[in-house]
S.K.: 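One structure follows; several queries about it will come next.
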Amino acid sequence: MPAITLPDGSVRDYPGPVTGTEIAASIGPGLAKAALAMEVDGRMLDLSRTLDADASVRFITRRDADALELIRHDAAHVMAEAVQALYPGTQVTIGPAIEGGFYYDFFRNEPFTPDDLPAIEAKMREIIAANAPFTREVWDRDEAIRLFESRGERFKAELIRDLPASETITIYRQGDWFDLCRGPHLRGTGDIGGAFRLTKVAGAYWRGDHRNPMLSRIYGTAWRDQKELDAHLQQLEEAERRDHRKIGRQMDLFHMQEEAVGSVFWHEKGWRLYRTVEAYMRRRQEEFGYIEVRTPQLLDRKLWEASGHWDNYRSHMFIAEVEDEDKVLAVKPMNCPCHVQIFNHGLRSYRELPLRMAEFGACHRYEPSGALHGIMRVRAFAQDDAHIFCTEDQIAGETVRFVEMLRRVYADFGFPDFAVKFADRPTPRSGSDEVWDKAEAALRSACETAGVAFTVNPGEGAFYGPKLEFVLRDAIGRDWQCGTLQVDFVLPERLDASYVTAESGRARPVMLHRAIVGSFERFIGILIENCAGRFPLWLAPTPAAVASIVTDANDYAETVAAKLKAAGLAVVTDTRNEKINAKVRDLSLALVPNILVVGRREAEQQTVSIRRLGSDKQDSMTLDEAIATLKADATPPDLR
RNA sequence: GCUGUCAUAGCUCAGGGGUAGAGCACCUCAUUGGUAAUGAGGAGGUCGAGGGUUCAAUUCCCUCUGACAGCACCA
């Protein structure tokens with residue numbers, strides 16, 4: 001006699017085992033029609049499942065956000081059926097729901113191309129129109145393996161073999177087609193609806209391992225209704241509109257070319273932006289007690305062997321050799337071993353700790369070609385890199401201090417929200433388990449002291465220590481990992497760093513590796529996309545342009561520009577032989593935040609007419625007022 | 001690195017076995033116009049690189065390079 005508790009607290013008794021469908025029907029015809037699945041004691045189940053014990057039940061309808069995952073998962077199944085109907089001999093593997101949609105990985109000698117998508121999508125719509133019910137069957141493991149093997153589905157058979165013994169093997173049927181699946185599913189294929197679209201094809205390794213065969217993956221997006229789908233497609237367009245590669249070209253910030261793959265040619269305006277960011281970081285670091293150093297680009301491989309990088313990252317390092325010397329030099333991929341060299345140069349006292357050593361040095365890493373992405377992922381870059389040499393007791397205090405600095409920096413750049421992930425010990429790694437226990441415990445308790453809430457990112461730490469990853473969220477909801485704080489007991493040991501203790505003994509410092517913006521290249525890419533090229537005035541590469549209306553006002557325009565430049569603003573003049581309409585249009589498209597329009601009237605009265613980007617209104621003011629206003633607006637936040 | 005797609009003027013793109021086209025940008029001239037495109041003219045290309053097929057290749061085939069998407073990677 002199951003008693004079913006509903007979300008409103010009411011309890012319904014049933015005389016015997018009862019299915020979700022029956023419960024929904026007993027509540028009302030509206031629910032019976034709308035219910036797609038149910039959540040039983042927190043677990044999603046098919047509506048057709050029978051309940052024979054007391055339970056809390058919540059019905060999932062199309063209005064629930066939870067319906068999305070079901071729709072996407074089912075769309076993946078339907079896509080697999082469509083593909084196997086159209087391309088016999090294709091093997092199925094896995095096809096989950098993902099954020100925004102779904103995919104299915106297929107094994108086929110000839111991979112799918114974008115041209116195949118319309119036919120597959122059409123077939124899917126047929127299957128959905130047929131509205132075959134999803135039915136669940138429990139199978140014996142060996143029989144299930146035989147079933148899939150008999151159909152040549154060796155990937156599925158392998159999946160079943162690797163399922164834990166405790167797992168119930170279930171198969172879901174839709175019409176004549178079936179798939180190994182844990183479920184749950186909607187009532188039938190018709191519940192998927194029409195708000196989906198196949199988006200792209202891609203290769204993907206079987207089980208995510210590059211040593212395995214490459215499968216052919218088809219991605220789709222699926223939503224509850226057309227409105228949601230349209231909104232999603234619009235969001236993709238928005239991301240495309242903000243693409244830093246496109247805006248970088250439009251605003252003439254930088255370019256890249258074949259002869260320097262993965263390296264940025266910074267143009268004047270982009271470099272101005274870069275310098276603004278770097279200068280800001282330098283001021284913040286000084287404020288927070290860092291010293292700044294500069295270390296060599298090329299270092300003997302012996303140093304990298306000692307640090308452990310040669311073993312771990314040799315294939316990702318650029319190597320330089322010279323004819324006359326029997327030496328192998330590596331272009332530095334990071335600064336830490338160099339900073340230890342400075343630390344080791346001379347006797348250090350416990351009185352000097354914590355010693356915060358920063359560097360904006362250029363690093364080079366031979367990133368795989370497929371990883372490169374605009375200026376976001378490059379082979380030559382500089383970080384706001386620093387290493388804090390301290391005692392174990394100082395870890396917590398330094399973490400607090402670091403998080404405070406990071407908060408300010410992110411807020412100043414327009415990212416008030418960020419999340420923290422704790423990445424613990426990876427395999428393989430350097431250092432004993434005892435050292436790792438100590439490092440992880442120290443970082444955990446430092447988080448507690450700093451009041452930092454985190455989620456765990458298992459096995460993702462650096463080879464020498466656990467790390468915190470700081471992930472910020474941009475204006476259109478995308479996440480970017482920028483900051484990091486890593487606790488390292490290993491490198492000081494490997495490179496024999498030590499200091500003199502209060503008792504005149506010797507002790508090893510702990511190293512905290514840390515960065516806030518991470519690579520400047522990447523961070524600037526994020527800044528560009530976050531504001532879509534419409535920078536706050538202190539970052540804008542061209543904060544203002546002076547546009548003349550008639551030739552007679554050109555001299556005055558140059559005077560205005562000269563005064564603004566004298567006030568530290570990087571303005572340009574537009575005295576081209578064009579109408580003011582054309583100048584306003586061109587400067588607006590170039591995303592110049594302020595257009596100072598000057599004609600005969602302004603020249604006579606020593607005024608300017610300011611038009612701000614995104615507004616079609618104008619403000620008339622005296623030249624002195626304009627300079628004062630712009631100068632105030634263009635002041636970096638830490639200098640206000 | 002792997003799979004797929006792509007590479008034509010500075011940019012965005014059309015074209016197609018018989019040695020190339022548009023718009024914008026650029027240059028010249030006229031025009032001095034008050035807040036998102038004034039008009040006319042001109043110049044600009046080894047069609048990514050190398051090889052092959054062909055009477056003929058920018059077009060078809062192969063190799064390489066690079067870009068893009070995803071996967072793998074990210075000290």
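As a basis for the values below, the full set of heavy atoms in this structure was taken, side chains included, without hydrogen atoms, waters or symmetry mates. Order of the sequence lines fixes the chain letters, A, B, ..., with proteins taken first and strands second; residue numbering starts at 1 for each chain.
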S.K.: Which listed nucleotide (B:A75, B:C71, B:G33) is nearest to the side chain of A:K579?
M.R.: B:G33

S.K.: For A:I549, answer base if it contacts any base atom (sugar-phosphate contacts may also be present), sugar-phosphate if it contacts only those atoms, and nothing otherwise; contact means non-hydrogen atoms under 4.0 Å.
M.R.: base

S.K.: Quick one: on RNA chain B, does A:R377 or A:K583 contact a more 5' nucleotide (nearest heavy atom)?
M.R.: A:K583

S.K.: Just by protein heavy atoms under 4.0 Å, how would nucleotides 1-15 of chain B read 5' to 3' in B, S and -?
M.R.: BBBS------SS---

S.K.: Of all the nucleotides listed (B:A36, B:G34, B:A30), which has the minimum atom distance to the side chain of A:S588?
M.R.: B:A36

S.K.: Look at the side-chain N and O atoms of A:N581 and state whether any lies under 4.0 Å from the OP1 or OP2 oxygen of B:U35.
M.R.: no

S.K.: Does A:R245 put a side-chain nitrogen or oxygen below 4.0 Å from OP1 or OP2 of B:A69?
M.R.: yes

S.K.: Among the nucleotides B:A75, B:U38, B:A67, which one has an atom lying closest to any side-chain atom of A:K467?
M.R.: B:A75

S.K.: For B:A36, does OP1 or OP2 lie under 4.0 Å from any side-chain N or O of A:R611?
M.R.: yes

S.K.: Measure distances between side-chain N and O atoms of A:E602 and base N and O atoms of B:G34, and say whether any donor-acceptor pair falls under 3.5 Å.
M.R.: yes

S.K.: Just to be sure I understand: a Watson-Crick pair is purine N1 to pyrimidine N3 plus N6-O4 or O6-N4, both under 3.5 Å. Using that and G-U wobbles, which stems of three or more pairs involve RNA chain B?
M.R.: B:1-7 with B:65-71, B:10-13 with B:21-24, B:26-30 with B:38-42, B:48-52 with B:60-64

S.K.: Can you figure out which of B:A67, B:G70, B:A75 approaches the side chain of A:Y464 most closely?
M.R.: B:A75

